[in-house]
Amino acid sequence: MNDGFDWGAVRESLPLLLEGFRITLLATVLGTLVAAVLGLAVAVAGRAPSRFVTVPVRLVMEFVRSTPLLVQLVGAAALFNTVEPLYIGITVLGVHYAAYTSEVYRAGIDGVPKGQWEACRALSLSPRRTWQAVILPQAVRNVLPALGNYAISMFKETPFLAVITVQEMVFEARYYGAEHFAYTEVFTLAGLIFLVASYPTSLLMRKLEKRLGH
């Protein structure tokens with residue numbers, strides 16, 4: 001046991017943390033895809049003319065937004081205890097963030113000028129064609145920076161997956177720290193890896209937001 005900062009522990013734990021980072025990245029990418037697709041579906045369903053569609057969708061999304069991610073992970077793991085924890089984690093992350101991306105999409109759709117809708121009706125475009133060719137391309141373009149910011153937030157919340165035994169980076173850091181009494185070293189390294197991965201992405205999102213704002 002070393003009272004100083006153990007650089008040997010940093011070198012030794014790096015491969016383990018990078019393997020955990022691979023799982024972290026996988027969960028983030030797939031979770032973001034689930035959130036993006038499901039959030040869009042929820043936003044479109046929220047504009048359905050039937051209350052039999054809009055009310056249940058709204059209630060489910062309110063429930064997801066009103067409960068902590070940690071509780072959702074533990075609850076889903078208990079209900080689906082025969083499913084691989086990583087799949088549960090990806091699904092829960094995706095559904096959790098879909099509740100927020102749906103509001104982003106809704107704002108983007110509401111931001112499309114009314115004249116675009118009127119032009120589609122004047123041209124007798126079908127509802128499907130109207131959404132696919134006119135409304136969604138404009139709405140999605142306007143909300144890309146916000147979607148990117150949610151992806152970054154999801155990336156930083158992947159350590160919650162450790163509670164359902166997903167071996168992401170923080171799980172591996174905690175395991176190595178317990179084995180070698182080197183918590184300071186491995187958690188510092190894990191924090192630096194998070195910083196190196198997320199900060200450039202944050203800068204890219206800001207640049208994209210400024211470009212789309214012009």
Side-chain angles (χ1 to χ4, degrees), residues 24-67 69 72 76 80 83-84 86-158 197-198 200-214:
T24 294
L25 197 59
L26 178 65
T28 302
V29 171
L30 295 182
T32 298
L33 288 175
V34 171
V37 174
L38 182 58
L40 179 58
V42 169
V44 173
R47 298 179 69 92
S50 173
R51 289 177 58 85
F52 290 105
V53 176
T54 59
V55 172
V57 168
R58 189 183 308 118
L59 289 175
V60 171
M61 289 298 102
E62 285 298 329
F63 172 80
V64 172
R65 277 193 291 266
S66 301
T67 54
L69 175 61
Q72 293 169 14
F80 305 102
V83 179
E84 177 70 29
L86 178 59
Y87 300 151
I88 293 175
I90 290 170
T91 303
V92 172
L93 281 173
V95 172
H96 182 82
Y97 275 89
Y100 298 97
T101 58
S102 64
E103 289 300 302
V104 172
Y105 282 122
R106 184 187 61 77
I109 293 169
D110 290 344
V112 175
K114 291 183 179 179
Q116 299 288 322
W117 296 90
E118 294 169 356
C120 291
R121 286 194 292 270
L123 293 171
S124 299
L125 295 182
S126 67
R128 181 176 179 179
R129 183 66 177 165
T130 298
W131 280 102
Q132 288 183 342
V134 181
I135 305 304
L136 290 183
Q138 296 181 67
V140 172
R141 179 180 181 275
N142 292 334
V143 302
L144 277 177
L147 295 177
N149 289 331
Y150 275 122
I152 295 170
S153 295
M154 184 186 298
F155 172 66
K156 291 186 290 187
E157 289 197 338
T158 52
S198 62
T201 309
S202 298
L203 294 178
L204 180 62
M205 289 301 104
R206 290 178 197 169
K207 185 175 181 180
L208 180 62
E209 188 171 5
K210 289 180 180 178
R211 178 174 294 182
L212 295 177
H214 291 316

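Scope of the values below: all heavy atoms of this structure, side chains included, with no hydrogens, waters or symmetry mates. In this text, all values refer to a predicted model and were calculated from it rather than measured experimentally.
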Any salt bridge (Lys or Arg N to Asp or Glu O under 4.0 Å) pairs touching residues 91-101, not counting sequence neighbours?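 Residue pairs passing salt bridge (Lys or Arg N to Asp or Glu O under 4.0 Å), neighbours aside: none found.
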Determine which pairs satisfy salt bridge (Lys or Arg N to Asp or Glu O under 4.0 Å) with at least one residue from residues 31-44, sequence neighbours left out, and list them in order.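 For residues 31-44: none.
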Roughly how far apart are [X] [atom1] and [Y] [atom2], rounded to 0.5 Å?
X    : Y    : atom1 : atom2 : result
L25  : T158 : CG    : OG1   : 9.5 Å
L147 : T101 : CG    : OG1   : 6.5 Å
T24  : K156 : OG1   : NZ    : 14.0 Å
R121 : E118 : CZ    : CD    : 5.5 Å
F155 : T201 : CZ    : OG1   : 7.5 Å
T32  : I152 : OG1   : CD1   : 9.5 Å

Minimal non-hydrogen separation, [X] against [Y], with atom names:
X    : Y    : value
M205 : G148 : SD-CA, 3.3 Å
G108 : V143 : CA-CG1, 3.7 Å
P145 : R141 : CD-O, 4.3 Å
A76  : V92  : CB-CG2, 3.6 Å
P56  : R51  : CD-O, 3.6 Å
A35  : M154 : CB-CE, 4.2 Å

Below 4.5 Å, heavy atoms only, C-beta onward: do V34 and H96 meet side chain to side chain? no
Beyond-backbone contact of Q72 with L69, side-chain heavy atoms, under 4.5 angstrom: yes
Chi angles and distances behind the side chain to side chain contact (heavy atoms under 4.5 Å, CB included) call for L26, L86: CA-CA 9 Å; L26 178 65; L86 178 59; 4.0 Å; yes
Is it the case that over 12 heavy atoms from other parts of the model lie below 6.0 angstrom from the CZ atom of R129? no
Can you list the steps and then say if V60 with V42 is a side chain to side chain contact (heavy atoms under 4.5 Å, CB included)? CA-CA 10 Å; V60 171; V42 169; over 6 Å; no
Any sub-3.5 Å donor-acceptor pair from Q138's side-chain atoms to V134's backbone N or O? yes
Ring pair (Phe, Tyr, Trp, His ring centres under 6.0 Å) contacts touching residues 101-123 (sequence neighbours left out): W117-W131
